[in-house]
*Asks:* 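After the structure tokens below, expect a handful of questions from me.
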Amino acid sequence: MVRVRFAPSPTGKLHIGGLRTALYNFLYARHHDGDFILRIEDTDQTRKKEGAVQDIIDALHWAGLDFDEGPGKEGDVGPYYQSERKDLYKKYVDQLIEQDHAYYAFDTSEEIDQMRERLKKSGNPSPKYDSITRQSMKNSLTMPQDEVERKLENGDEYVVRLKVPRRETIRFEDEVRGYVSFESKGLDDQVLLKSDGMPTYHLANVVDDHLMNISHVIRGEEWLSSTPKHMLLYEYLGWEPPVMAHLPLIMSPSGGKLSKRKAEQEGIPINTVDYRELDYEPEALINFLAMLGWSPGDDREILSLDELTEEFSLERINKSGAVFNYKKLNWYNEQYMKEKSPEALLDRVREDAAEFGFDEVSDDYLLQIIPLMQERATRVPEIIEEGRFFFEEPEEYDEQAIKKWKDDSDELVKRFLEKVEQISETEFEAANIKQAVKEITDEKGVGFGKVAMPLRVAVTGQGYGPDLFPTIEVLGKETALDRIRRALQELG
RNA sequence: GCCGCGUUCGUCUAGCCUGGCCUAGGACACUGCUCUUUCAAGGCAGCGACACGGGUUCAAAUCCCGUACGCGGUACCA
């Protein structure tokens, strides 16, 4: 049974890198008919942010990545908040201590700082609390047992550290990178239990993955270096480690991990909710993110969540970091927008319209506008932003548009008015309006644009825009002709 | 610094495991053409890459070694 988990810490909004990690976990689970679990890694009480968990849940739901077990959706192995599992870890910590794989340490943070200072001065560039250093620190390995017991009874503050062996090669297989090995002498005696009684990530994630029957750990590459510590823990606890797969990082266009700071500098929205607020299509974001570090192996670019699920495999994940390409995301969004039915976009467009104060617009009217605009917009809000003339008379004409009103435009537009006035309200349709223009171009021997361009300017105030004749039809005879008469006055 | 991981067009990638089919394919972006009532979209074309150096081999983007560069880690953060 495949069981994977997405285990974010609730320190803020779910960022785009986290979403991709969640996506890969989701795809792997679904591909294998397995379970996708959400676990909240809130062992650092100081970094916890109000509302973060809800944001994560909402973001996953918006993206279509609903989990099978997690907060608010209890399975058999909960709770799904590590802070609520605090008591569970104690047992394993005791076991490790008893088996001499962990020990109590009473050093204050000042003392540890001093140790680091001292070692640095003597030429050690990266001082560690390790098999050598621990011999000169205050811990249950160096102190007489009765003193250790006294301290514990007194309630003195302590942490529990992993007793990393002095010389040992730790080798494990990563599904993405193949065999990876580390020398234990490069590791430090990682704190497992903090002085506030909370486990560190390293302990909690190993214990929870085991207790929750996680079969595959799919997480970011930033965890690769701490995996050997986790492997040691599995070994000491006598557990079979899950399959490991470390994902390449999402990089900023300027290089380096795409951090919040960098993203902001480069104008890239970093949180999932930002994309939701910008009104991107979640399918587009998902498709784009899936392709950042993975590919189906052929030339397909557009894949639905179902298709991604069908095709997904860990073997096809890339090893190197992928730069976030905002323009490509926009291209994806355009592709998905074009495919949507106008009805599917209606609710969102209506909201956008209301924001501009166009709140008494009928669905029927909106449904006429959407098809005209959706194929040329990058995001849904542009339908209204770029199509304001559908709701209000253009206040002024674009500078660029005015240039398209030429010397002979007056005459041609007047002729158009004469012809179109003859058309009845019910016959005021795109084809008939276009026919009128056609007749004028024939009779005056001018190009189509000669007539159409001034009309566009008159009706929309813009020199660009959707197909002109349906636009005029949608506006209706009265409105369209009023605008044309006004343009004749102002531009003529 | 040390440890680990990585390196194919500007970017995302296919190809690498199982050397020859690679004159290295696709997508985004960019440029031009085309279509067209405009701007887009679409169609067509162009630009553009195997980091470098050694091996191994009849043959290397593909296998091996080294160098350079990039990234990650180096906390009582995850």
*Asks:* Is there a donor-acceptor pair closer than 3.5 Å between any side-chain N or O of S184(A) and the backbone N or O of P165(A)?
*Replies:* yes
*Asks:* Counting Watson-Crick and G-U wobble pairs only, both distances under 3.5 Å, name the nucleotide matched with A61(B), or none.
*Replies:* none
*Asks:* Should T43(A) be listed as having a side-chain N or O under 4.0 Å from OP1 or OP2 of A78(B)?
*Replies:* yes
*Asks:* Categorize L292(A) for me: base, sugar-phosphate, or nothing, with a 4.0 angstrom heavy-atom threshold over every strand shown.
*Replies:* sugar-phosphate
*Asks:* Heavy atoms under 4.0 Å, any strand shown: does S181(A) hit a base, just sugar-phosphate, or nothing?
*Replies:* sugar-phosphate
*Asks:* Under a 3.5 Å cut-off for both distances, is C17(B) Watson-Crick or wobble paired, and to whom?
*Replies:* none
*Asks:* Given L233(A) and Y92(A), is the side chain to side chain contact (heavy atoms under 4.5 Å, CB included) satisfied, shown in steps?
*Replies:* CA-CA 10 Å; L233(A) 248 13; Y92(A) 302 104; over 6 Å; no
*Asks:* Select base, sugar-phosphate, or nothing to describe what E301(A) touches, counting heavy atoms under 4.0 Å on all strands.
*Replies:* base
*Asks:* Which whole-number value in Å describes the distance from R316(A) CZ to C17(B) P?
*Replies:* 14 Å
*Asks:* Y201(A) and W223(A): aromatic ring centres closer than 6.0 Å?
*Replies:* yes
*Asks:* Would you mind classifying the nucleic acid contact of G186(A) as base, sugar-phosphate or nothing, using non-hydrogen atoms under 4.0 angstrom?
*Replies:* nothing
*Asks:* Of the options U38(B), A78(B), C76(B), whose atoms approach the side-chain atoms of V159(A) most closely?
*Replies:* C76(B)
*Asks:* Take atom P in G53(B) and the same atom in C12(B), then report the distance between them in whole Å.
*Replies:* 23 Å
*Asks:* Check every strand shown and say whether G293(A) touches a base, only sugar-phosphate, or nothing at a heavy-atom separation below 4.0 Å.
*Replies:* sugar-phosphate
*Asks:* Can you tell me the distance, in whole Å, between the CZ atom of F288(A) and the P atom of C28(B)?
*Replies:* 13 Å
*Asks:* If you check every side-chain atom of K128(A), which of C12(B), A14(B), U74(B) has the closest atom?
*Replies:* U74(B)
*Asks:* Is the cationic atom of R171(A) (NZ for Lys, CZ for Arg) positioned less than 6.0 Å from the six-membered ring centroid of Y179(A) and within 45 degrees of its normal?
*Replies:* yes
*Asks:* Measure CD/E183(A) against P/C2(B) and give the value in whole Å, please.
*Replies:* 16 Å
*Asks:* Please pick, from A78(B), G1(B), A27(B), the nucleotide with the shortest atom-to-atom distance to any side-chain atom of W331(A).
*Replies:* A27(B)
*Asks:* Counting only Watson-Crick pairs (N1-N3 plus N6-O4 or O6-N4) and G-U wobbles (N1-O2, O6-N3), all under 3.5 Å, who is the partner of U7(B)?
*Replies:* A68(B)
*Asks:* For a quick check of understanding: with a heavy-atom distance under 4.0 Å over all strands, which category does Y201(A) fall into, base, sugar-phosphate or nothing?
*Replies:* base
*Asks:* Please work out if S195(A) contacts a base, only the sugar-phosphate, or nothing of the nucleic acid, heavy-atom cut-off 4.0 Å.
*Replies:* base
*Asks:* Answer with base, sugar-phosphate or nothing: what part of the nucleic acid does V180(A) contact at a heavy-atom distance below 4.0 Å?
*Replies:* sugar-phosphate
*Asks:* Of the options U74(B), A78(B), U13(B), whose atoms approach the side-chain atoms of A322(A) most closely?
*Replies:* U13(B)
*Asks:* Atom CD1 of I250(A) to atom P of C71(B): distance rounded to whole Å?
*Replies:* 16 Å
*Asks:* To the nearest angstrom, how far is L14(A) atom CG from A78(B) atom P?
*Replies:* 18 Å
*Asks:* Work out how far the C1' atom of C71(B) is from that of C65(B), and round it to whole angstrom.
*Replies:* 23 Å
*Asks:* How are the rings of Y275(A) and F324(A) set relative to one another: parallel (under 30°), tilted (30 to 60°) or perpendicular (over 60°)?
*Replies:* tilted
*Asks:* Taking the side chain of N325(A) as its heavy atoms from C-beta onward, which of A75(B), G10(B), U74(B) lies nearest to it?
*Replies:* G10(B)
*Asks:* Any side-chain N or O of N318(A) less than 4.0 Å from the OP1 or OP2 oxygen of C12(B)?
*Replies:* no
*Asks:* Nearest to the side chain of R177(A), heavy atoms from C-beta on, is which of G6(B), C76(B), A27(B)?
*Replies:* G6(B)
*Asks:* Has the side chain of S9(A) got a donor or acceptor atom that lies under 3.5 Å from a matching backbone atom of T11(A)?
*Replies:* no
*Asks:* Counting only Watson-Crick pairs (N1-N3 plus N6-O4 or O6-N4) and G-U wobbles (N1-O2, O6-N3), all under 3.5 Å, who is the partner of A49(B)?
*Replies:* none
*Asks:* Would you mind pulling out the nucleotide paired to U23(B), Watson-Crick or G-U wobble, both distances under 3.5 Å?
*Replies:* none
*Asks:* What's the closest nucleotide to the side chain of R116(A) if the choices are C5(B), A75(B), U38(B)?
*Replies:* A75(B)
*Asks:* Touch check for P228(A), heavy atoms < 4.0 angstrom, all strands: base, sugar-phosphate only, or nothing?
*Replies:* nothing
*Asks:* Taking the six-membered ring of Y24(A) as reference, does the NZ or CZ atom of R20(A) fall below 6.0 Å from its centre and within a 45° cone about the axis?
*Replies:* yes
*Asks:* With rounding to the closest Å, how many angstrom separate the P atoms on U7(B) and U13(B)?
*Replies:* 11 Å
*Asks:* Verify the contact: side-chain N or O of K327(A) to OP1 or OP2 of G10(B), cut-off strictly under 4.0 Å; return yes or no.
*Replies:* no
*Asks:* So which nucleotide does C76(B) pair with, by the Watson-Crick or G-U wobble rule with both distances under 3.5 Å?
*Replies:* none
*Asks:* Rounding to the closest angstrom, what is the interatomic distance between A68(B) and A29(B) at atom C1'?
*Replies:* 29 Å
*Asks:* A78(B) phosphate, OP1 or OP2: any side-chain N/O from K194(A) under 4.0 angstrom?
*Replies:* yes
*Asks:* OP1 or OP2 of C76(B) sitting under 4.0 Å from any side-chain N/O of R161(A)?
*Replies:* yes
*Asks:* Report yes or no: does D189(A) contribute a side-chain atom to a donor-acceptor pair with the main-chain N or O of V164(A) at less than 3.5 Å?
*Replies:* yes
*Asks:* Under 4.0 Å between any heavy atoms, over every strand shown, what does N287(A) touch: base, sugar-phosphate, or nothing? Just pick one.
*Replies:* nothing
*Asks:* Does NZ or CZ of R39(A) lie under 6.0 Å from the centre of the six-membered ring of Y81(A), at an angle within 45° of the ring axis?
*Replies:* no
*Asks:* Between the side chain of N205(A) and the main-chain N/O of H202(A), is any donor-acceptor distance below 3.5 Å?
*Replies:* yes
*Asks:* Between C9(B) and A14(B), how far apart are the two C1' atoms, rounded to whole Å?
*Replies:* 13 Å
*Asks:* Classify the nucleic acid contact of N205(A) as base, sugar-phosphate or nothing, counting any heavy atom under 4.0 Å across all strands shown.
*Replies:* nothing
*Asks:* If we call it a pair only when both distances are under 3.5 Å in a Watson-Crick or G-U wobble match, what pairs with U56(B)?
*Replies:* none
*Asks:* Just the rounded figure in Å: distance from P of G6(B) to CE of M251(A).
*Replies:* 14 Å
*Asks:* May I ask you to verify whether the side chain of S109(A) and the base of C76(B) hold a donor-acceptor pair under 3.5 Å?
*Replies:* no
*Asks:* Have a look at K338(A) and say if it touches a base, only the backbone sugar-phosphate, or nothing, with a 4.0 Å heavy-atom cut-off.
*Replies:* sugar-phosphate
*Asks:* Just N and O in the side chain of S225(A): are any of them under 4.0 Å from OP1 or OP2 of G72(B)?
*Replies:* no
*Asks:* Under 4.0 Å, counting only non-hydrogen atoms across every strand here, what does R219(A) touch: a base, just sugar-phosphate, or nothing?
*Replies:* nothing
*Asks:* Report the base-pairing partner of A29(B) (Watson-Crick or G-U wobble, both distances below 3.5 angstrom), or none.
*Replies:* none
*Asks:* For the P atoms, the ones on U23(B) and on C28(B), what distance do you get once it is rounded to whole angstrom?
*Replies:* 26 Å
*Asks:* In this structure, how many angstroms lie between the P atom of A78(B) and the CD atom of Q45(A), rounded?
*Replies:* 10 Å
*Asks:* Roughly how many Å is it from CG in D130(A) to P in A75(B), rounded to a whole number?
*Replies:* 12 Å
*Asks:* Pick the P atom in C52(B) and in U11(B), then give their distance to the nearest Å.
*Replies:* 15 Å
*Asks:* Among G26(B), C77(B), C5(B), which is the nearest nucleotide to the side chain of E221(A)?
*Replies:* C5(B)
*Asks:* For the P atoms, the ones on G15(B) and on G20(B), what distance do you get once it is rounded to whole angstrom?
*Replies:* 13 Å
*Asks:* Heavy atoms only, 4.0 Å cut-off, all strands: where does R456(A) land among base, sugar-phosphate and nothing?
*Replies:* base
